[in-house]
Each structure stands twice: as structure tokens, then as C-alpha cells.
Amino acid sequence: MSSPQPVRGTHDLLPEDFARHAHVQAVAREMAARFGYAEMATPIFEFTEIFARTMGETSDVVSKEMYSFESRGGEGMTLRPEYTAGICRAFISNGLQQNVPFKAFATGPMFRYERPQKGRQRQFHQIDIECIGAAEAKADIEVIAVGSAILGALGVLKSCTLEINTLGDTESRQAYRAALVEYFSDHKNNLSEDSRDRLDRNPLRILDSKDKGDRVIVEKVPLFNDYLNAFSTDFFAEVLEGLERLGIGYHLNRRLVRGLDYYTHTAFEFVTDALGAQGAVIAGGRYDGLIETLGGKPTPGIGWAGGIERLAMLAGDAPEAIRPVAVIPVGEAAEAVAEKLAHDLRLDGQVIEMAFKGNVGKRMKRANKLNAAAAILIGEDELARGVCTLRDLDKGEQSEVPLENIAAALKALG
RNA sequence: GCGAACGUAGCUCAGUUGGUUAGAGCGCCUGACUGUGACUCAGGAGGUCGGGGGUUCGAGACCCCUCGUUCGCCCCA
């Protein structure tokens, strides 16, 4: 085809798809508000530093997936691959430390240069929750609870599982990491190529390897539990207890590790097996060192991101939109009156469809196609008597209504 | 980035071992129905078979390249 195509990994959101996305966003926005998370937005691009520093130079996202470019002024810019870094930057930029806990909801497009697949695109969209400035386990519990509630409101909670793990505080994590590197280095020759690479970049990842040979080695790996200090253990236990208190089911997954450097303590994913290889629909965790990494005062934080495309696929069709009422003039003489009537009804709050041209048959057809609930017909007969014909398109019944009563009649129709 | 499959009208797909002007259903447009939709009937528009090159007397079918999609890996939302 020689017709123009969208850039690889990007997609047009036609009205039907857009409605599904909007539904996910609206449900999330409403639920987030109930928990006290107000919507905000940050720019779609930031200085490259913001992402590189927070996510870690060796992470996949930073090392090979960023959409980076140079501004006219020669500064390195990057289209945001995630929301967390931008919101944390905004937290610092705007001096919000006096507002803690700062609880935010955000949504918008993200960009990652990846091989597209179903549920994975180069421009995709996320909903995002962040709670900054709260070190308490209660924050972890609440943040996960918002996610669970949103999945519930979307009707997809039953097809999702909450996988959860702790990465411990920095001290525990460093100790464990060192132990892992030591253990795996001894088995380096038997590790898969991918895992040998992980040994340098993110040794925790090896625990999650799907390679059979790796699995054998992983079986005798040192246990994270032995390296978690008391604080980390207690903290995680408190989080789990809290979830149980709220009736939020979870699956303890000791091999769950996240790919970004900034995570500490609680790490979690709501996963589904309904979307092929792209199982995570909401994922996040605690990032107690991130704000400091960006140059702010040490400030704890926790949050998650959810993929709108994935959630929309799970949730299916959006609720039916408000059905319009079609205003149909019959003949030239009624055109002007119909136009004015349509305008007045719209100002009165009605959803009115009025075609630009066509005879009654065509306009009725169009009204039907647009799923109109009713049609208002005005011709010379009606005009002379100051009435119009109101036709219920579902029942196929119609009656005459005085023009001055039509607004009320429509409201009565529902 | 690696491996594999696929790519024919707006959509879902047929196209026999390569053989004349490439088909169907749905949708769209027009008419029967010059003041009434969802049903029916009759017409019509719409494709350089993703793109480029090659093999052949002849390619939608075979070969190569390229773009795109899908699946798996990697990784992630």
C-alpha cells in the first residue's frame, strides 16, 4: 500500500478505541480521587539525565529503549519512558516537600523504542499513582489498594493476580547482590548467555531466568531471607498483613525483581495470563532513594504504573455513550427552524445529531446508524401548527409535541 | 537486538500443481420508497494482490531484499 502509514509501534486511536482508553482513564481517575490522589501532569519530555540517573544506566530502558534527541540548544532530551521520574522531578522542582505525603494520579503517553508486540508499543499509555514522602508501610498498602480497586472497578480483578516481593532496604539489597554475584560467578560457565550478561547489569534478574540450565543453578542460590535485615523483614510483613486486612489477595513471589535500579522494599505486579507474553498490567514498588538521586532531600516514595492498552484489552468495550437525538427537517422551509431547535437543545444539555444534507430517508438511516434514541421531525405541517413529531426509534412509535414542550419531552424520554 | 509465521477491497477471508478482464460475505453508495430508520429486492463504486527486484512465454502464487503485523526470547506497562 502506498498510503501513508503511522510510525512503527504507534497507533491511531479511532473513536471506538479512544472510548476504551478514556474509560480506563476515567475509572482510574475517579478511584484515585477517592483515595486522595489528585491528577497532575508533567511534560512529555525531560532532560535525558532525569531518566538516566533514576532508572540506572544499565537498565534496558535507559541503555537501549529511550527516544532521545538533541534540542536546538544542544541539550539532551528524552521522551518520557515512564512517569515516576518526571513526577519526582516535579516534586523537587516545585518544593513540594512541605506537602508530604504528596499523592498524585497521572496519565498520558509514554515512549520506548522496543520491538512492537501485542500489548507492547513504542508509544503507549499509562495511568500512574505516586505517593511521595511516606515511609510507612501503610503507604505501600494504600498504593496497592488503589490499584486493586481500579482493577475491580474495571471488572478485571478476577483475571489478575497480585505478585509481591520485597527487595529490602539498600543495605540488605547490596549484601544480597554481592552474595549473588559471588555465587553466580562460580557458575559463570554454566550460565546462559543472557544471564552472564545479567551478572554485570542486574544479577537479581538471573533469579527470574526462564533458561533451563539457569534454573538448575538458581535452585541452590543463597536465599534473600538470610540477607534481609530485621527492619526490611518487619516492614514487608507489615505490608502483607495490611493487604490481608483489606482482603486483597496476593501471591508471594520470591523471584519477582524489577528491572529499574531505584526500587527498594516492596515490589509488586498485577499480572494476567490473558495477554500472552505481556502479563503485567500494573506494576510498581517503593523507591526510597530516588528523590535523593535527583538531588532532593532524602525522601521515601512508592508508586505504580498501569498500561492502558493492556487494561483496555482486558476490560473490553467501554460503557455505551449517551445516545443522541436526531433533528430532521423535512423540506427547505423547516431547515432554519430545525437548525435553531438543534442548537437550543444542545445548549439545554441534549446530545443532538443533525445531518448537513439529505432527505428524510437518508437522515433517518443515519440517525439509526448513530444509535439515536429518537428523532424529531419538523416539516411544513408541523411548522404551521407549532409542533414537531417525536419518534422513538426503539419502539417505532411517534407522536406530536408542541415545540415549546420538546425539551421537557426529551428529558422525560431519558 | 535474536528466532519464526504472516501481509489479497474499509473489515473478515477465498483464490485449485504459476495460465485469459482477481472473487465472496459484511460494510459503503444509488434506486424501488419524491415526509420516516432497523427488514427485503435491484444496481454500483472500491484492489498497481504491502513495496522493490528476480525467475518464467506468463507470478497474487516461486526466489531475494525491504516495510509492516503477529508469536516467542530479551525486557517491560
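Just so we're on the same page: letters track the sequence lines, and every chain starts at 1.
A/R198 and A/S195 form a side-chain donor-acceptor contact under 3.5 Å, judged by distance and modelled atom types alone. With no hydrogens or angles considered, a side-chain donor-acceptor pair links A/S209 and A/D214 at under 3.5 Å.
Contact check on A/R385 versus A/D381 returns no salt bridge, with no Lys/Arg side-chain nitrogen under 4.0 Å from an Asp/Glu carboxylate oxygen. In this structure, A/R89 does not pair ionically with A/E130, as no charged nitrogen and carboxylate oxygen lie closer than 4.0 Å.
Looking at the side chain of A/T389, the nearest of the listed nucleotides B/rC74, B/rU36, B/rA77 is B/rU36.
If you take CG of A/D12 and C1' of B/rG10, they are 14 Å apart, rounded to a whole angstrom. Going from atom CG of A/D214 over to atom P of B/rC75 covers 10 Å, rounded to whole Å.
To the nearest whole angstrom, the two C1' atoms, one in B/rA14 and one in B/rG43, are 24 Å apart. Nucleotides B/rU69 and B/rC29, compared at atom P, are 31 Å apart to the nearest Å. Taking atom P in both B/rU48 and B/rU55, one finds a spacing of 25 Å when rounded to whole Å.
Between A/L275 and A/G307, the one whose closest nucleotide on RNA chain B sits nearer the 5' end is A/L275. Map A/V281 and A/G379 each onto its nearest nucleotide of RNA chain B; the residue landing nearer the 5' end is A/G379.
Not one side-chain nitrogen or oxygen of A/Q117 sits closer than 4.0 Å to the OP1 or OP2 atom of B/rU69.
Checked against a 6.0 Å centroid threshold, the rings of A/Y176 and A/Y227 count as neighbours.
Between the side chain of A/R112 and the base of B/rC75, no donor-acceptor pair under 3.5 Å is found.
Using N1 to N3 plus N6-O4 or O6-N4 for Watson-Crick, or N1-O2 and O6-N3 for G-U wobble, each under 3.5 Å, B/rG58 pairs with nothing.
In terms of heavy-atom proximity, A/P329 sits nearest to A/V360 at O-CG2, 4.5 Å.
In this structure a side-chain-to-backbone donor-acceptor pair under 3.5 Å is present from A/S59 to A/G56.
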Any N/O pairs under 3.5 Å between the protein and nucleotides 37-39 of chain B? List them or say none.
from: B/rG37; atom 1: O2'; to: A/N368; atom 2: ND2; distance (Å): 3.2
from: B/rG37; atom 1: N7; to: A/R391; atom 2: NH2; distance (Å): 3.3
from: B/rG37; atom 1: O6; to: A/R391; atom 2: NE; distance (Å): 3.3
from: B/rG37; atom 1: O6; to: A/R391; atom 2: NH2; distance (Å): 2.7
from: B/rG37; atom 1: N1; to: A/L393; atom 2: O; distance (Å): 2.5
from: B/rG37; atom 1: N2; to: A/N368; atom 2: OD1; distance (Å): 3.0
from: B/rG37; atom 1: N2; to: A/L393; atom 2: O; distance (Å): 2.5
from: B/rG37; atom 1: N3; to: A/N368; atom 2: OD1; distance (Å): 3.2
from: B/rA38; atom 1: O4'; to: A/N368; atom 2: ND2; distance (Å): 2.8

